Every structure is written in C-alpha cells, then in structure tokens.
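What follows is one structure encoded as structure tokens, with my remarks underneath.
Values in this document were obtained by computation on a predicted structure and should not be read as measured data.
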Amino acid sequence: MPAFWEWTMAKGASSKNSRLVYSTEQGRIKEEKPSEVIAQSDGIVRLHRESKGRGGKGVTLVKGIALPEAELKTLAKALKQVCGTGGTVKDGVIEIQGEQREKLKATLEAKGYTVKISGG
C-alpha cells in the first residue's frame, strides 16, 4: 500500500462520494463515469411550451421518452430536422426551439408514441 494518497472531492459532494484522482504510486487515475440511468415513463410523451429564463423566446419540451442518452440524441436530431430549427437534450428532456408542438405531435405519433400536448 502506497505511503501517500491524494484525494479530491467533486464540487458539493459529500465525503462518501469522493473519488481518487491521483496516487503517488500510479499517477493520474482516469475518472469513471456513473452508469447511465434511463428515466421511467408512463408511456405518454408530453409536449410542453416554455419561455421562462430564455429571454422571452419559447421552446417546446418533449418529456416522457424513456430511451438511453445516445438514442435520445438521435431522436432529437430527427425532430430538429423535421422542424427546421435547433435544439438540445438536457436531463432526459428534448428541447426544440420555437412553438413546434403540432409538428412534433404528428412526427412522434407516426413513430408510434402516444402524445399529449400540455402547457400554455
């Protein structure tokens, strides 16, 4: 067992969440990412319109799709192409720029999803 270990903690993490990042014996240690968790869904995709915190610009949020991150990004790319706008995936939610709920509803229903439009 090495004589000296250097430990560091992630920002805001408790001591039980600390991880070894450097050892005097081995040098730098590659950070391990936590395993991917797929969000649970009730089987209904919900389309929300939101503009809070966006300088008045609206976005359409697509929530309730239980897919792994890589597949969610692929779906987001297809939806952005259908709408002809930009967007992103954040925390398991697809954000599409602008008011696109009707286009997205038709596209997602064609892909076999049950879709509900919600929000103002």
Side-chain angles (χ1 to χ4, degrees):
M1 180 156 183
F4 300 102
W5 290 93
E6 294 181 27
W7 291 84
T8 188
M9 290 176 44
K11 270 187 173 177
S14 66
S15 62
K16 69 179 183 180
N17 291 334
S18 65
R19 63 187 188 274
L20 179 67
V21 294
Y22 184 83
S23 165
T24 54
E25 187 174 276
Q26 299 174 350
R28 279 203 190 275
I29 298 174
K30 186 176 179 179
E31 179 180 339
E32 293 184 24
K33 295 183 180 180
S35 62
E36 185 176 318
V37 177
I38 300 173
Q40 295 297 320
S41 174
D42 60 356
I44 299 173
V45 176
R46 290 180 171 79
L47 303 176
H48 298 269
R49 183 179 162 275
E50 186 178 281
S51 60
K52 283 185 179 179
R54 303 174 198 284
K57 306 210 186 233
V59 296
T60 302
L61 303 177
V62 181
K63 297 181 179 180
I65 299 178
L67 291 174
E69 190 74 19
E71 291 179 33
L72 201 59
K73 286 183 180 186
T74 304
L75 178 61
K77 183 176 180 179
L79 295 176
K80 291 187 295 183
Q81 288 175 344
V82 166
C83 297
T85 62
T88 188
V89 176
K90 291 183 182 173
D91 300 325
V93 177
I94 300 173
E95 295 181 6
I96 305 291
Q97 294 174 352
E99 169 58 51
Q100 307 289 341
R101 291 186 292 180
E102 293 300 325
K103 286 182 187 176
L104 292 173
K105 181 177 182 184
T107 303
L108 289 169
E109 284 177 341
K111 291 182 180 279
Y113 292 99
T114 303
V115 182
K116 285 188 178 181
I117 293 180
S118 61

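Taking the side-chain contact (heavy atoms from CB on, under 4.5 Å) definition, one finds that E102 meets it with I117, sequence neighbours left out. Looking at residues two or more places apart in sequence or on another chain, you find no salt bridge (Lys or Arg N to Asp or Glu O under 4.0 Å) involving E71.
Annotation: the span from L47 atom CG to E99 atom CD amounts to 9.5 Å, rounded to 0.5 Å. L67 CG to L75 CG: the interatomic distance, rounded to the nearest 0.5 Å, is 6.5 Å.
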side-chain contact (heavy atoms from CB on, under 4.5 Å) evaluation trace for L79 with L108:
CA-CA 9 Å; L79 295 176; L108 289 169; 4.1 Å; yes
For side-chain contact (heavy atoms from CB on, under 4.5 Å), just list the numbers for K73 and E69, CA-CA rounded to whole Å, side-chain angles, deciding distance to a tenth of an Å, and then say yes or no.
CA-CA 6 Å; K73 286 183 180 186; E69 190 74 19; 3.7 Å; yes
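Annotation for I44 and K116: closest pair CG2-CG, 3.8 Å, computed over non-hydrogen atoms. Scanning all heavy atoms of the two residues, the minimum distance from V89 to A76 falls at CG2-CB, 3.6 Å. Nearest heavy atoms, T114 versus G43: CB-O, 3.9 Å.
Just one residue in the list K80, R54, H48, E50 forms a side-chain contact (heavy atoms from CB on, under 4.5 Å) with E95, and that residue is R54.
Placement of L72 and V93 in two distinct hydrophobic clusters is found when ILVMFWY residues are connected by side-chain heavy-atom separations under 4.5 Å, directly or transitively.
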Side-chain donor-acceptor pairs under 3.5 Å in residues 55-66, sequence neighbours left out?
unit_1, atom_1, unit_2, atom_2, d
T60, OG1, G98, O, 2.7
T60, OG1, Q100, N, 3.0

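Contact check for K103 versus I96: no side-chain heavy atoms found under the 4.5 Å cut-off.
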